[in-house]
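Encoded as structure tokens, the structure appears first; notes follow it.
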Amino acid sequence: MDVDLSEKTALVTGGTRGIGRAIVRALADAGARVAFTYRSSTEAAEALVDELEAGDTEALSLQGDVADFDTAQAHVDTVLDRWDTLDVLVNNAGITRDGLMLRLTEEDWDDVIDTNLKGVFNYAKAAYRPMMGQRSGSIVNISSVVGTSGNAGQTNYAASKSGIVGFSKSLARELGGRNVRVNVVAPGYVQTDMTDELSDDAREGILDAVPLDRLAEPEDVAQAVLYLAAPAAAYVTGHVLHVDGGLSM
Ligand code: NAD
């Protein structure tokens, strides 16, 4: 896809590995200045900044927990101080704490909701005023097939991911008049550290249900994000783009 995001600024949460890293790279390849957040992997963050700068991308890494409200505000302020605008926000950071309800703890619930759902609120809230003021912006939130289909053992994760859909559609309605678009990408099962935890049986079961007969690569998801971030999607808002090989149809 030929996308030109030169002179645009993007911020991606959880950018050092997996899907987030592929999104960072896709935005950089399209010419954007890219900031990304990470929680603890300083070495990976520094290596990614070096790699991006070697490819002539202006890059910035920001450490912090997405669940922390003030950290999100500080990250957005840092991006604005450096580059004056924030054109694209990708809320990608997410975790799983799986278990059947019988065994799921309050902590498992809170950790997942705070990271996956409150994290999206925190960064969208911080980006809200600057994007409204600019009268342009694209927010892309990463949900999951589990948010629409549900999955035994993932009540907390499914609640967070379907919460993202309701949140995004509501925000799309609030911000549409200011030309700020809010969309969702809902991946199926993607080959990352998160799915490395799947048993062989679970993996086989998933593949049986995926018409395209493979797990997604992080780049499959990144290309969908790139489309929604780009001018090509100027009339697309409040949409949930399923990138799941046909799993959820
Ligand atoms: P991953 O575990 O490989 O990466 C997650 C990233 O989020 C990491 O960089 C991690 O450091 C960051 N992160 C986690 N908690 C954080 C916190 N509190 N503060 C800051 N950063 C934090 O996972 P992934 O597979 O690349 O998943 C990325 C997103 O895609 C997640 O939202 C996930 O729910 C979603 N997703 C993944 C799959 C899949 O099959 N892998 C499927 C559907 C949706």
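Read the numbers this way: they start at 1 and go in the same order the structure lists the ligands and their atoms.
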Note to self: Please state which option from Val190, Val66, Ile19, Asp193 has its nearest heavy atom closest to atom 37 (C) of ligand 1.
What the structure shows: Ile19

Next item on the list: Report yes or no: does Gly188 have a heavy atom closer than 4.0 Å to ligand 1?
Entry: yes

Notebook entry, point to check: Are Met131 and Leu89 close enough, and set up right, to give a side chain to side chain contact (heavy atoms under 4.5 Å, CB included), and what steps lead you there?
Noted result: CA-CA 10 Å; Met131 286 187 171; Leu89 168 65; 4.1 Å; yes

Notebook entry, point to check: With a 4.0 Å cut-off on heavy atoms, is Thr13 touching ligand 1?
Noted result: no

Check: Does the side chain of Thr105 pick up a donor-acceptor pair with the side chain of Asp108 at under 3.5 Å?
Finding: yes

Next item on the list: Mind telling me whether Phe167 and Phe121 have parallel, tilted or perpendicular rings, with 30° and 60° as the class edges?
Entry: perpendicular

Check: What atoms of ligand 1 come within less than 4.0 Å of a heavy atom belonging to Gly18?
Finding: 26 (O)

Note to self: For a side chain to side chain donor-acceptor pair (under 3.5 Å) check, start with the C-alpha distance between Ser168 and Asn141, then their side-chain angles and the critical distance, and finish with the verdict.
What the structure shows: CA-CA 7 Å; Ser168 303; Asn141 299 322; 2.9 Å; yes

Notebook entry, point to check: Which one holds for Asp65 and ligand 1: side chain close, backbone close, both close, or neither close, with close meaning a heavy atom under 4.0 Å?
Noted result: both

Item checked: Flag for Ser199-Asp201: side-chain donor and acceptor within less than 3.5 Å -> no

Note to self: If only side-chain N and O atoms count, and only distance matters, is there a donor-acceptor pair under 3.5 Å linking Thr16 with Arg21?
What the structure shows: no

Next item on the list: Assess whether atom CZ of Arg173 is packed by more than 12 heavy atoms of other residues, nucleotides or ligands within 6.0 Å.
Entry: no

Checklist line | Contact (N/O only, under 3.5 Å) between Lys161 and ligand 1 | finding: yes

Next item on the list: Return the residue, atom name and 0.1 Å-rounded distance of the protein heavy atom closest to atom 2 (O) of ligand 1.
Entry: Arg17 NH2, 2.7 Å

Next item on the list: Considering heavy atoms of the protein only, find what lies nearest to atom 12 (C) of ligand 1 and give residue, atom and distance to 0.1 Å.
Entry: Gly14 CA, 3.8 Å

Check: Short question: side chain of Glu217, backbone of Glu219 - any donor-acceptor pair under 3.5 Å?
Finding: no

Check: Relative to atom 36 (N) of ligand 1, which among Phe36, Tyr157, Tyr189, Tyr38 owns the nearest non-hydrogen atom?
Finding: Tyr157

Next item on the list: May I ask you to list the atoms of ligand 1 that are less than 4.0 angstrom from any heavy atom of Thr16?
Entry: 9 (O)

Notebook entry, point to check: What is the nearest protein non-hydrogen atom to atom 44 (C) of ligand 1, stated with its residue, atom name and distance?
Noted result: Ser143 O, 3.2 Å

Margin query: Heavy-atom distances under 4.0 Å decide this one: backbone, side chain, both or neither, for Arg21 against ligand 1?
Written below: neither

Item checked: Leu215 and its side-chain contact (heavy atoms from CB on, under 4.5 Å) partner, picked from Asp220, Thr192, Leu207 -> Leu207

Next item on the list: Provide, to 0.1 Å, the distance between atom 20 (C) of ligand 1 and the closest protein heavy atom, together with that atom's residue and name.
Entry: Gly64 O, 3.4 Å

Notebook entry, point to check: Between the side chains of Thr13 and Asn92, does any donor sit under 3.5 Å from an acceptor?
Noted result: no

Checklist line | Protein contact to atom 7 (O) of ligand 1 [nearest heavy atom, distance to 0.1 Å] | finding: Ala93 CA, 3.5 Å

Notebook entry, point to check: If you count the non-hydrogen atoms of other residues, nucleotides and ligands that lie under 6.0 Å from NZ in Lys161, is the total more than 12?
Noted result: yes

Check: Out of curiosity, is Thr195 lining ligand 1, as in a heavy atom under 4.0 Å away?
Finding: yes

Check: For ligand 1, which atoms sit closer than 4.0 Å to a heavy atom of Ile95?
Finding: 14 (C), 15 (N)

Notebook entry, point to check: If you measure from the Lys or Arg side-chain nitrogens to the Asp or Glu carboxylate oxygens, is any gap between Asp65 and Arg39 under 4.0 Å?
Noted result: no

Check: What's the shortest distance from atom 11 (O) of ligand 1 to any protein heavy atom, and which residue and atom give it?
Finding: Arg39 NH2, 4.2 Å

Notebook entry, point to check: Where the closest heavy atom to atom 28 (C) of ligand 1 is concerned, which of Val221, Asn122, Asn92 has it?
Noted result: Asn92

Item checked: Atoms in ligand 1 with a heavy atom of Gly94 nearer than 4.0 Å -> 5 (C), 7 (O), 14 (C), 31 (C), 32 (O)

Item checked: Other residues, nucleotides, ligands: >12 heavy atoms within 6.0 Å of Asp208 CG -> yes

Notebook entry, point to check: Do any heavy atoms of Ala186 fall under 4.0 Å from ligand 1?
Noted result: no

Next item on the list: Note the single closest protein heavy atom to atom 25 (O) of ligand 1, along with its residue, its atom name and the distance in Å.
Entry: Thr192 OG1, 2.5 Å

